[in-house]
Amino acid sequence: MPESSADRDDALARHLAGESSPEEAAALEEWLTRHPQEAATFRLVRDAASRLSRATPPVDLERAWQRTAARLHDPDAAASRPAHARWRNLLAVAAALLLAVLGGLWTWQRAGRAPALAYSAPPGVPQVIPFEGGRMVLAPRSRLVARHQAGMRPAEVRLEGEAWFEIAHDPRHPFTVKAGDAEITDLGTVFSVRGHAGSPVEVEVLEGSVELRSAAGQRLVIEGGSAGRVEGGAITRSAVAGMARPAWIDGRLEFADATLAEVRAELRRWYGLDLRLGDSSLASRHVTASFQGEPVARVLQVIALALGASVEQRGDTAILRLTGDPAAQ
């Protein structure tokens, strides 16, 4: 074992990095046998280093040790310390450094080392988010935040709007969707979630089942062919005949006996259009129609025709009026 402190520090750094020759390793062990106090501290550092060498992100052990040693061997600070005190301080500081890094890595891993990725679907265009073991499809004008590496399965997502989920169930790694004041956890599932701000959270399960939880603590399992609704902390369940995946996944805008409030909301999401009613009696009417790729002017014409109304578009605003209304002339 080298007698100079600088050479000894170099030997220790190489040993921690796994680069010691057999002769150097034997000399180090012999020296530690004769210095039990330093041996105990060094073995603590070595155990920490072994864990760090398997950590993600990787840690350059030799560089960390050398930088620590360089600070402790600063001439101004070292002049007033005997060599054996400097060596003990070096080990103590290095041990503290390595254990602090370990603590930081543990916290980092517990907090979720993957970045938080935000996805947004523009008006009229769904966005597909594939990952290992499934995919998510965002409806137009919807937003989703997931903490994961791109292409890898997230554990939890936060949804604002509407999305479709196809998830390979893994009981060891549950998948949860948070929307509004509800949480939806997959139990082997193909399902959709609608959670627009200010509206109830609605879940439709095509295959498998989900556990639906409300902020009030109520829990209910929703099976395939059923829907769940969370409103005011209460959960209700209903059967849905002929359930199929949403039309918007294929780029279709469909209204099936939809209220004008629903039509207005969808036109805002698909076209960024504000639909206004020039006659209050229109509010009670319903629309059944299907569109795929039509321009907004054509969509408005079809809706107006179905309602027996006329429509006037002014930029991003359209006004519906009953036919025969003087203002519509």
Side-chain angles (χ1 to χ4, degrees), residues 117-146 150-151 153-154 157-169 175 177 179 184 186 188-196 199-210 222-229 238-273 275 286-306 318:
L117 301 181
Y119 303 91
S120 297
V125 182
Q127 181 181 8
V128 179
I129 308 165
F131 58 85
E132 184 178 355
R135 68 171 183 158
M136 305 177 283
V137 187
L138 272 179
R141 282 278 178 109
S142 296
R143 184 173 185 272
L144 183 148
V145 177
R153 173 191 174 112
V157 302
R158 165 63 69 175
L159 172 67
E160 297 174 9
E162 187 173 359
W164 172 262
F165 301 92
E166 298 174 5
I167 307 296
H169 181 56
F175 175 84
V177 180
I184 305 98
D186 87 280
T189 331
V190 176
F191 63 104
S192 65
V193 178
R194 179 190 292 261
H196 295 289
S199 300
V201 176
E202 299 174 329
V203 180
E204 292 189 355
V205 182
L206 185 66
E207 299 176 10
S209 60
V210 302
I222 310 297
E223 299 87 2
S226 301
R229 180 184 177 98
S238 60
V240 180
M243 183 181 291
R245 71 180 195 170
W248 57 258
I249 293 180
D250 300 316
R252 296 197 316 276
L253 174 59
E254 289 191 351
F255 299 114
D257 198 31
T259 66
L260 275 188
E262 294 170 332
V263 171
R264 293 175 66 187
E266 289 302 312
L267 290 181
R268 187 176 301 114
R269 282 190 280 272
W270 279 76
Y271 297 102
L273 181 78
L275 181 65
H286 292 66
V287 174
T288 298
S290 178
F291 308 95
Q292 185 160 19
E294 287 89 341
V296 66
R298 175 59 180 164
V299 173
L300 289 172
Q301 289 173 359
V302 172
I303 291 173
L305 183 62

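Sequential numbering from 1 along the given sequence is applied to the chain's residues. Just the heavy atoms: all of them, side chains too, but no hydrogens, waters or symmetry mates, feed the values below. Quick caveat: nothing in here was measured; it's all calculated off a predicted structure.
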Chemist: Grab the two heavy atoms, one from Val145 and one from Ala118, that are nearest each other, plus how far apart they are.
Modeler: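 So the minimum-distance heavy-atom pair works out to CG2-CB, 4.2 Å.
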Chemist: Let me confirm one number: the CZ-CZ distance from Arg135 to Phe131, rounded to the nearest 0.5 Å.
Modeler: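 Arg135 CZ to Phe131 CZ: 10.5 Å, rounded to 0.5 Å.
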Chemist: Does Asp186 offer a backbone N or O that forms a donor-acceptor pair with the side chain of Thr189 under 3.5 Å?
Modeler: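 Absent.
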Chemist: Which value, rounded to the nearest 0.5 Å, describes the distance between Glu202 atom CD and Ser192 atom OG?
Modeler: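 Between Glu202 CD and Ser192 OG, I get 9.0 Å after rounding to 0.5 Å.
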Chemist: Yes or no on side-chain contact (heavy atoms from CB on, under 4.5 Å) for His286 and Phe255, after CA distance, side-chain angles and deciding distance?
Modeler: CA-CA 9 Å; His286 292 66; Phe255 299 114; over 6 Å; no
Chemist: Where the side chain of Gln292 meets the backbone of Asp250, is there a donor-acceptor pair that is under 3.5 Å apart?
Modeler: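 Yes: the side chain of Gln292 pairs with the backbone of Asp250.
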Chemist: Evaluate the side-chain contact (heavy atoms from CB on, under 4.5 Å) criterion for residues Leu300 and Leu275: first the C-alpha distance (whole Å), next the side-chain angles of each, then the deciding distance (0.1 Å), finally the verdict.
Modeler: CA-CA 9 Å; Leu300 289 172; Leu275 181 65; 4.1 Å; yes
Chemist: Which heavy atom of Val125 sits nearest to which heavy atom of Pro140, and what is that distance?
Modeler: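 In this case the closest contact between Val125 and Pro140 is N-CG, 3.7 Å.
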Chemist: Determine the minimum heavy-atom distance between Glu223 and Val205, stating which atoms define it.
Modeler: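 In terms of heavy atoms, the two residues are closest at O-CB, 3.6 Å.
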Chemist: Assess the residue pair Met136 and Phe175 against the criterion (side-chain contact (heavy atoms from CB on, under 4.5 Å)); give the C-alpha distance rounded to whole Å, side-chain angles, the decisive distance to 0.1 Å, and a yes or no.
Modeler: CA-CA 12 Å; Met136 305 177 283; Phe175 175 84; 4.1 Å; yes
Chemist: Who passes side-chain contact (heavy atoms from CB on, under 4.5 Å) against Pro130, sequence neighbours left out?
Modeler: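 For Pro130, the residues satisfying side-chain contact (heavy atoms from CB on, under 4.5 Å) (neighbours in sequence not counted) are Val128.
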Chemist: Go through the steps to decide whether Val296 and Phe291 satisfy the test side-chain contact (heavy atoms from CB on, under 4.5 Å), and finish with yes or no.
Modeler: CA-CA 10 Å; Val296 66; Phe291 308 95; over 6 Å; no
Chemist: Any side-chain heavy atom of Tyr119 sitting closer than 4.5 Å to one from Val157?
Modeler: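 With C-beta onward as the side chain, the pair stays apart.
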Chemist: Quick check against the 3.5 Å criterion: does Glu266 have a side-chain atom that pairs as donor or acceptor with the backbone of Val263?
Modeler: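 Not confirmed, Glu266 side chain does not pair with Val263 backbone.
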Chemist: Would you call Arg194-Glu162 a salt bridge at under 4.0 Å N-O?
Modeler: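 Salt bridge present between Arg194 and Glu162.
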Chemist: Could you tell me the separation between the CZ atom of Arg141 and the OH atom of Tyr271, rounded to the nearest 0.5 Å?
Modeler: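 Answer rounded to 0.5 Å: 12.5 Å.
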Chemist: Give a yes or no answer on whether the side chain of Ser290 reaches the backbone of Glu254 with a donor-acceptor pair at less than 3.5 Å.
Modeler: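 No; zero donor-acceptor contacts below 3.5 Å.
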Chemist: Are the side chains of Ile222 and Val203 in touch, meaning some heavy atoms are under 4.5 Å apart?
Modeler: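 No; the side chains remain at least 4.5 Å from each other.
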Chemist: If I compare all heavy atoms of Ala163 with all of Leu138, which pair ends up nearest, and what's the gap?
Modeler: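 Answer, listing the atom of Ala163 first, then Leu138: CB-CD2, 4.0 Å.
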Chemist: Return each pair, listed once, that meets side-chain hydrogen bond (donor to acceptor under 3.5 Å, both in side chains) where at least one residue sits in residues 293-302; pairs must be two or more places apart or across chains.
Modeler: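 Listed by first then second residue: nothing to list.
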Chemist: Please report the shortest heavy-atom distance between Leu159 and Val177, naming the atom on each side.
Modeler: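 In terms of heavy atoms, the two residues are closest at CB-CG1, 4.2 Å.
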Chemist: Should Glu166 and Val137 count as side-chain neighbours, where that means a heavy-atom distance under 4.5 Å?
Modeler: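 No, too far: nothing below the 4.5 Å cut-off.
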Chemist: Measure across Arg245 and Trp164 and return the closest heavy-atom pair with its distance rounded to 0.1 Å.
Modeler: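 Scanning both residues, the minimum pair turns out to be CB-CH2, 3.3 Å.
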